[in-house]
Amino acid sequence: MITVLSGGTGTPKLLQGLKEIIGPAELNIIVNTLENDYFSGVYVSADIDTVLYTMADIINDEFWYGVKNDTFTTHERLKELGFDELLRIGDIDRATKIQKTQLMEKFGLKKACEIQAEKMGISSSIIPMSEQQSDIKIITDIGELEFHDFLIKHQSEPEVLDIKFSNVSPSDGVVESIKNSEAVILGPSNPITSILPILSLEGVRDALKDTYVIAVSPIIGSDSVSGPASKFMNALDIEVSSVGVASLYKNFLDNIVIDTQDSNLESRLNQIVNKVTITNTIMNNLDAKKNLAKIIIDSIP
Ligand code: GDP
């Protein structure tokens with residue numbers, strides 16, 4: 001069994017490769033819930049839905065959000081009625097969210113994900129990092145913003161001064177999954193708003209110390225492959241590089257996977273982490289995803 005810690009873009013790409021290399025039933029995926037909230041009357045757990053759709057092979061992998069070839073009839077009608085949604089939710093995607101909201105309010109988020117994963121024919125275990133509601137604020141030069149307002153309304157443009165999020169408790173199975181796995185993979189997700197929230201859960205860092213941990217860097221050179229990770233790292237005074245990423249994980253990290261473009265960082269990284277694996281980490285097609293997944297799996301002692 002392998003546990004993967006995931007956000008909603010970089011790690012799902014790797015999951016597509018891992019699924020082919022070791023099979024979905026061998027994967028426990030712990031997913032970030034930091035940005036979950038109600039929108040348009042439904043509960044939106046964007047990273048969880050991206051992981052569900054990825055494992056069900058229906059993800060819109062142009063945006064890593066929503067379902068491939070979805071329609072937007074409800075969204076358009078809402079706009080005609082004068083309600084312009086902040087999140088553009090597709091019809092099939094909305095059905096998933098409506099069901100998840102109902103199930104969650106009855107059984108909790110973890111059980112809701114379990115039921116939906118089963119209905120979608122997914123054999124991996126998809127575990128929300130927490131069943132509690134997080135509170136995240138992006139402190140910017142134009143004031144304190146909600147995460148989605150920063151990301152969508154303001155297109156990640158304001159200067160970021162700080163990021164604050166509340167601590168929540170891990171859902172049942174998070175710590176156990178880490179403890180009982182052969183290895184844990186920290187996927188190439190936003191280190192600040194996708195991975196750090198999972199690491200901050202009680203018991204997670206301690207459990208990681210006793211498990212083989214491999215991280216794939218989401219930073220190549222001095223920038224993120226996509227999204228605001230570099231902006232967030234800068235705001236927290238963390239070097240925007242694979243060295244900065246490794247420094248966040250240094251107390252428990254056994255192996256960091258970096259891109260060939262960053263091979264010059266090897267000696268600096270060797271001072272932080274035992275093993276440095278250098279390979280192509282840009283996952284722009286299925287072969288690249290499978291190659292990276294295979295290198296990761298083969299590196300587990
Ligand atoms: P979010 O939840 O949508 O913010 O997505 P994640 O946190 O999962 O992922 C965002 C991170 O994925 C960004 O920091 C990107 O740099 C990283 N990323 C996206 N695609 C790739 C890729 O092909 N290779 C690597 N190494 N990182 C990637």
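Treat the numbers as computed from the prediction; the structure is a model and nothing was measured. Just so you know, ligand 1 is whichever comes first in the structure, and atom 1 is the first atom listed for that ligand. Numbers here are sequence positions counted from 1.
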> May I ask you to decide if the ring planes of Tyr43 and Tyr38 are parallel, tilted or perpendicular, using 30° and 60° as cut-offs?
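Rings of Tyr43 and Tyr38: perpendicular, over 60°.
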> Applying side-chain hydrogen bond (donor to acceptor under 3.5 Å, both in side chains), can you list everything that pairs with Arg88, at least two apart in sequence or on another chain?
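For Arg88, no residue satisfies side-chain hydrogen bond (donor to acceptor under 3.5 Å, both in side chains) once neighbours in sequence are set aside.
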> Hydrogens and angles aside, do Ser45 and Asn36 bring a side-chain donor and acceptor to less than 3.5 Å of each other?
no
> Show the atom names and distances, to 0.1 Å, of all donor-acceptor pairs under 3.5 Å that link a side chain in residues 49-56 to residues at least two apart or in another chain.
| from | atom 1 | to | atom 2 | distance (Å) |
| --- | --- | --- | --- | --- |
| Asp49 | OD1 | Lys100 | NZ | 2.4 |
| Asp49 | OD2 | Lys97 | NZ | 2.7 |
| Thr50 | OG1 | Ala46 | O | 3.1 |
| Thr50 | OG1 | Trp64 | O | 3.1 |
| Tyr53 | OH | Asp93 | OD1 | 2.5 |
| Tyr53 | OH | Thr96 | OG1 | 3.0 |
| Thr54 | OG1 | Thr50 | O | 2.6 |

> Membership question, hydrophobic clusters at under 4.5 Å side-chain separation (ILVMFWY): are Val31 and Leu34 in the same one?
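No, Leu34 does not connect to Val31 through the hydrophobic network.
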> Give a table of atom pairs where an N or O of ligand 1 lies under 3.5 Å from a protein N or O.
| from | atom 1 | to | atom 2 | distance (Å) |
| --- | --- | --- | --- | --- |
| ligand 1 | 2 (O) | Gly8 | N | 2.9 |
| ligand 1 | 2 (O) | Asp47 | OD1 | 3.1 |
| ligand 1 | 2 (O) | Asp47 | OD2 | 3.4 |
| ligand 1 | 3 (O) | Thr9 | OG1 | 2.7 |
| ligand 1 | 5 (O) | Gly8 | N | 3.3 |
| ligand 1 | 5 (O) | Thr9 | N | 3.0 |
| ligand 1 | 5 (O) | Thr9 | OG1 | 3.2 |
| ligand 1 | 7 (O) | Asn190 | N | 2.7 |
| ligand 1 | 7 (O) | Ser194 | OG | 2.7 |
| ligand 1 | 8 (O) | Gly8 | N | 2.9 |
| ligand 1 | 8 (O) | Thr9 | N | 2.8 |
| ligand 1 | 8 (O) | Gly10 | N | 3.3 |
| ligand 1 | 8 (O) | Ser189 | OG | 2.5 |
| ligand 1 | 9 (O) | Gly10 | N | 3.2 |
| ligand 1 | 12 (O) | Pro188 | O | 2.8 |
| ligand 1 | 16 (O) | Pro218 | O | 2.7 |
| ligand 1 | 16 (O) | Val225 | N | 2.7 |
| ligand 1 | 16 (O) | Ser226 | N | 3.3 |
| ligand 1 | 20 (N) | Lys13 | NZ | 2.8 |
| ligand 1 | 23 (O) | Met283 | N | 2.9 |
| ligand 1 | 24 (N) | Thr281 | O | 2.7 |
| ligand 1 | 26 (N) | Ser217 | O | 3.0 |
| ligand 1 | 26 (N) | Thr281 | O | 3.3 |
| ligand 1 | 26 (N) | Thr281 | OG1 | 3.4 |

> Could you pull out all donor-acceptor pairs under 3.5 Å where a side-chain atom in residues 170-179 meets a protein atom, sequence neighbours excluded?
| from | atom 1 | to | atom 2 | distance (Å) |
| --- | --- | --- | --- | --- |
| Ser171 | OG | Pro128 | O | 2.4 |
| Glu176 | OE1 | Gly173 | N | 3.2 |
| Ser177 | OG | Thr3 | OG1 | 2.7 |
| Ser177 | OG | Asn28 | ND2 | 2.9 |

